[in-house]
Each structure stands twice: as structure tokens, then as C-alpha cells.
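Heads up, the thing below is written out as C-alpha cells.
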Protein chains: 2
Amino acid sequence: MSNPNTIDRILDVAEALFAEKGFTETSLRTITSKAGVNLAAVNYHFGSKTQLVHAVFARTLTPFCDALEKRLIANVRDGDEAFSVEELFEMLVETAVEVHGGDTGRFSTFMQLLGLAYTQVQSHLRTFLGERYGSVFQRFVVHLKMAAPDLPPQELFWRIHFSLGAAVFTLSSYDTLKGIMNNDYNMNITLAGTVKRLVPFMSAGIRAEVPAKVD
Amino acid sequence: MSNPNTIDRILDVAEALFAEKGFTETSLRTITSKAGVNLAAVNYHFGSKTQLVHAVFARTLTPFCDALEKRLIANVRDGDEAFSVEELFEMLVETAVEVHGGDTGRFSTFMQLLGLAYTQVQSHLRTFLGERYGSVFQRFVVHLKMAAPDLPPQELFWRIHFSLGAAVFTLSSYDTLKGIMNNDYNMNITLAGTVKRLVPFMSAGIRAEVPAKVD
DNA sequence: GTTTGTTTTAAACATACGTTTAGGTCCAGT
DNA sequence: ACTGGACCTAAACGTATGTTTAAAACAAAC
């Protein structure tokens with residue numbers, strides 16, 4: 001680790017370890033020893049392990065959501081025509097890549113963390129993320145609604161979560177899948193390529209024919 | 001709990017708690033006290049917590065995979081025409097429901113566990129599942145390949161994982177989503193309805209136009 | 001009724017965890 | 001040079017975890 005700042009050193013290591021092993025499975029002792037700082041540093045600088053988790057998310061999620069919101073608002077203000085489904089999904093990708101300065105390693109880690117945020121049942125995390133970033137998400141949903149006006153709202157709701165699932169699930173286990181791809185198909189895969197494949201899949205799913213009433 | 005058998009009581013409670021909280025977050029003391037058995041019972045009957053986790057998965061995954069394999073083999077043996085993508089996905093659903101005797105509660109729990117199996121980074125679990133049930137999965141992939149013969153193999157590989165992600169992700173956080181749906185849309189959702197919505201989404205995604213070469 | 005093997009029990013063990021403490025170090029402001 | 005505040009450090013605290021032990025309870029076989 002090259003960063004001399006204790007706080008950033010902790011955040012860097014914690015981010016990587018959380019993404020790799022999960023929150024409960026990563027101890028403060030592992031984080032601090034790997035970061036080369038004292039055990040008590042986490043509690044001193046962040047207050048608790050819980051708040052460290054929040055800080056890790058906030059560090060990349062805040063600039064990401066800010067950038068995304070800016071893009072969405074700009075479009076409305078300038079009176080441009082509505083985005084297509086593809087454009088909206090690509091906007092997510094571009095914004096995420098942009099925020100990480102093209103560093104695909106950290107982008108991948110970020111996606112893994114997002115996956116954990118949903119799948120690890122840490123209620124404090126869901127609350128934190130909802131309160132902090134819920135409004136941007138809702139703004140995005142509004143744009144999706146305009147992109148697929150014929151889709152009943154509840155159908156759209158589900159398909160957004162299906163898409164989210166496909167993305168989060170795939171990218172959060174990206175390293176494993178990359179390995180399988182290498183062994184079984186003798187193919188070398190890139191994160192950018194995977195994401196490029198993801199967009200048409202999700203878009204087609206969003207646009208799929210609405211089945212007969214089921215509930 | 002009505003079951004007098006210690007082993008089954010443990011499995012029942014462990015299954016529910018693992019699905020609800022995750023593996024690391026669920027202690028043996030919580031499991032055994034809730035099951036009304038002695039703490040040492042887990043180590044006596046299963047050997048270790050790790051092996052208990054395996055046993056929980058094996059209990060429903062083994063009959064599920066056996067039933068699925070039977071269906072797939074029967075089709076080939078009888079020389080029936082190949083399954084469509086939709087039929088294959090629906091077969092998964094039907095088999096899963098069938099194995100749980102229509103008990104949607106346990107079906108839901110089962111899906112949550114599958115989600116955990118992928119997202120919780122317990123390497124022993126992935127190894128266990130791969131060795132034990134990998135062959136059935138590969139057989140299923142073969143059928144999917146026949147259902148979408150124009151799709152390049154690596155493209156199919158990714159789209160299967162996208163679909164898997166959509167399903168696992170959605171169904172593993174099903175209870176949460178159901179709650180949101182109830183609050184925000186004033187809609188009462190069923191597991192069967194969600195699954196019925198999932199199939200066309202995944203099928204459309206599998207069949208989506210192949211993008212230009214990206215890697 | 002005794003014996004044999006299985007199952008259950010309460011207690012202890014060793015370890016790992018998050019957190020707190022009290023004292024030290026360092027450096028800018030005066 | 002001194003002081004105040006921010007930062008760091010080593011050690012300890014209390015608690016929770018998975019696992020093991022040795023004895024007790026039980027049930028079936030003879």
C-alpha cells in the first residue's frame with residue numbers, strides 16, 4: 001500500500017477484503033494488520049466496524065450517484081428526447097467506469113460490494129443505502145418508465161430487479177466466472193466485454209412480452 | 001417444531017436461519033436452542049458446522065437434481081423433440097416446486113439458500129456443490145445449447161449466468177421485495193407470480209440479439 | 001435384569017472477536 | 001520552549017464463537 005494516510009489505507013484494505021470475503025468474515029484485526037495500522041485505528045477514525053462499512057460504501061457510491069444524478073437532470077433540463085433502455089443501462093456502466101477512472105480492478109470490487117449490500121443481510125446497510133441514495137435510484141426508475149411506457153409499473157419494478165440481479169450477481173462473482181471461462185472455454189474475458197454483453201441481455205428482458213396476468 | 005427427530009429438527013431450524021441471516025451470522029447456539037436440542041448435538045450428528053451447512057444443502061438439492069436429471073434424460077431417451085428455452089426454465093421451476101411438495105415457504109427458503117451459496121464466499125461450499133451437482137448442471141447446459149443453437153457457446157455461458165443471477169438475486173431477497181411491493185405499489189405478490197414473470201424475462205434475454213464482437 | 005451401543009446432557013476449553021483504555025508520540029500555534 | 005490537540009500504540013476487557021469432554025440417560029437385545 002502506497003498511501004500514507006491511515007484513513008485511506010484502512011478504506012482501501014477494507015474495501016478489498018469486504019468484497020472478497022464479506023463483512024462478518026473480515027475481522028478488524030485482518031484489516032488493520034494488512035493495512036499496517038494499529039487495531040484501534042478503526043474505532044478511533046470511524047467509531048465502529050459498522051460505520052467503517054458505511055464509509056467504504058459512501059466513498060465510491062457518493063461520487064457515483066452524484067454523477068448519475070447530474071446526467072439524468074441535465075437531460076430533462078435541456079429538453080432532450082427521453083433515453084432508451086439501452087442508453088440508460090449504458091449510462092450506469094459509463095458512470096461507474098468514469099467514477100473509478102477506468103480502473104477496472106476497483107470497478108469490479110465496487111460491483112462485488114454492491115452485490116454484498118443486497119445479499120448479506122445486514123439491515124443497517126440497507127437502511128443506510130436507502131436513506132442516502134434512494135432518491136437517485138427513484139429518479140433512474142422514472143427515466144426507465146419513460147423508456148418503456150407500455151410496461152405496467154409493477155412489471156417494470158420486477159424487471160428492474162431481475163436486471164439488477166443479473167448484473168450484480170455476475171459482476172460480483174466475476175473473478176470466479178473469469179476463471180471458469182479460461183479453463184473450460186479457453187477464452188480470455190474482459191470486464192468491459194462482460195458488461196457489454198450484459199446490456200443487451202437486460203434490455204431484451206425489460207422489453208420482453210408481458211405475460212398474461214399471473215397474480 | 002413438531003418433528004421429534006433431533007437431526008431433522010436441527011436441519012429445519014438451520015435451513016431457516018441460514019437463509020435468513022447467512023452462515024457466519026448464525027451460531028450453533030441459536031440453532032440448537034431454537035430447535036430445542038443440546039448444543040453438542042450438531043457436532044455429534046454432523047461433525048462440524050461446515051458439514052451441517054453441506055447437509056442442509058444436500059437435503060433438498062439431491063432430490064431436486066435427481067428429479068431434474070430424470071426429466072432431462074427421459075426426453076433424450078424417448079427421442080422427443082428438443083426443449084425450448086422457456087420449457088427448460090419452466091422445468092426448473094416445476095421441479096423445484098414439486099420437490100418441495102408445493103410448499104412455497106420452503107421453496108422460497110431454498111432459493112434464498114441458493115443465493116447464499118453463490119454470494120457468500122465460503123469456498124468449501126462451492127467445492128462441495130460443484131463436485132456433487134456439477135454434472136446435472138452441465139447436462140442442463142447441453143439442453144439449453146440445443147434450444148439456442150445459433151448462440152455462440154461463450155455467449156450462452158454468460159447469459160446462463162445472467163439468468164441465474166436474475167433468479168437467485170430476486171428470489172433470495174424475495175421477502176424484502178414483497179414488502180416494498182406491498183408498501184409502494186399496494187400490491188400483494190405471490191412467489192408463483194414472480195417466478196412466472198421471471199421466465200419470459202430470462203428467455204428474452206437468452207434470445208437477445210448477439211452484439212458485435214466485444215473481446 | 002443386565003449389558004451394549006447410541007444418544008443426550010451440562011460443563012469446560014480454547015480461541016477469536018469488537019471495543020475500550022490509558023499512556024505515549026508528534027507537531028503546529030503561541 | 002511550551003502547550004494543546006490530534007494521532008497512534010500496546011494492552012486489556014468482556015463477550016461470543018465452535019468444539020470437546022466425560023458422565024448420564026435411554027433403548028434395544030439377549
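- Rounded to whole Å, the distance from CD on B:Gln51 to C1' on D:dT19 is 13 Å.
- Remark: C1' of D:dT21 and CG of B:Asn38 are 12 Å apart, rounded to the nearest angstrom.
- With sequence neighbours excluded, the residues satisfying ring-ring contact (aromatic ring centres under 6.0 Å, His included) with A:Phe83 are A:His143.
- Distance, A:Ile7 CD1 to D:dA6 P: 13 Å, rounded to whole Å.
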Atom pairs, N/O to N/O, protein against nucleotides 12-18 of chain C, distance under 3.5 Å?
{"from": "C:dC17", "atom 1": "OP1", "to": "A:Ser27", "atom 2": "OG", "distance (Å)": "3.4"}
{"from": "C:dG18", "atom 1": "OP1", "to": "A:Lys49", "atom 2": "NZ", "distance (Å)": "2.7"}
{"from": "C:dG18", "atom 1": "OP2", "to": "A:Leu28", "atom 2": "N", "distance (Å)": "2.9"}
{"from": "C:dG18", "atom 1": "N7", "to": "A:Arg29", "atom 2": "NH1", "distance (Å)": "2.7"}
{"from": "C:dG18", "atom 1": "O6", "to": "A:Arg29", "atom 2": "NH2", "distance (Å)": "2.8"}

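- Between the NE2 atom of B:His45 and the P atom of D:dT20 there is a distance of 15 Å, given to the nearest Å.
- In this structure, A:Phe23 has its ring center closer than 6.0 angstrom to the ring center of A:Phe18.
- Between B:Tyr44 atom OH and D:dC26 atom P there is a gap of 16 Å when expressed in whole angstrom units.
- As a whole-Å value, the separation of B:Arg9 CZ from C:dT7 C1' is 13 Å.
- Taking atom NZ of residue B:Lys21 and atom C1' of nucleotide D:dA16, one finds them 15 Å apart after rounding to whole Å.
- Ring centroid separation for the pair A:His161 and A:Phe157 comes in under the 6.0 Å cut-off.
- A close approach under 4.0 Å does not occur between any side-chain nitrogen or oxygen of B:Thr6 and OP1 or OP2 of C:dT7.
- Judged purely by distance below 3.5 Å, without hydrogens or angles, the side chains of B:Ser135 and B:Gln138 never pair a donor atom with an acceptor atom.
- Picking from C:dT21, C:dT8, D:dC7 the nucleotide with the shortest atom distance to the side chain of A:Ala40 gives C:dT21.
- Applying the ring-ring contact (aromatic ring centres under 6.0 Å, His included) test to B:Phe162 and every residue at least two apart in sequence or in another chain returns A:Phe201.
- Of the options B:Phe140, B:Phe110, B:Tyr133, a ring-ring contact (aromatic ring centres under 6.0 Å, His included) to B:Phe64 is made by B:Phe110 and by none of the others.
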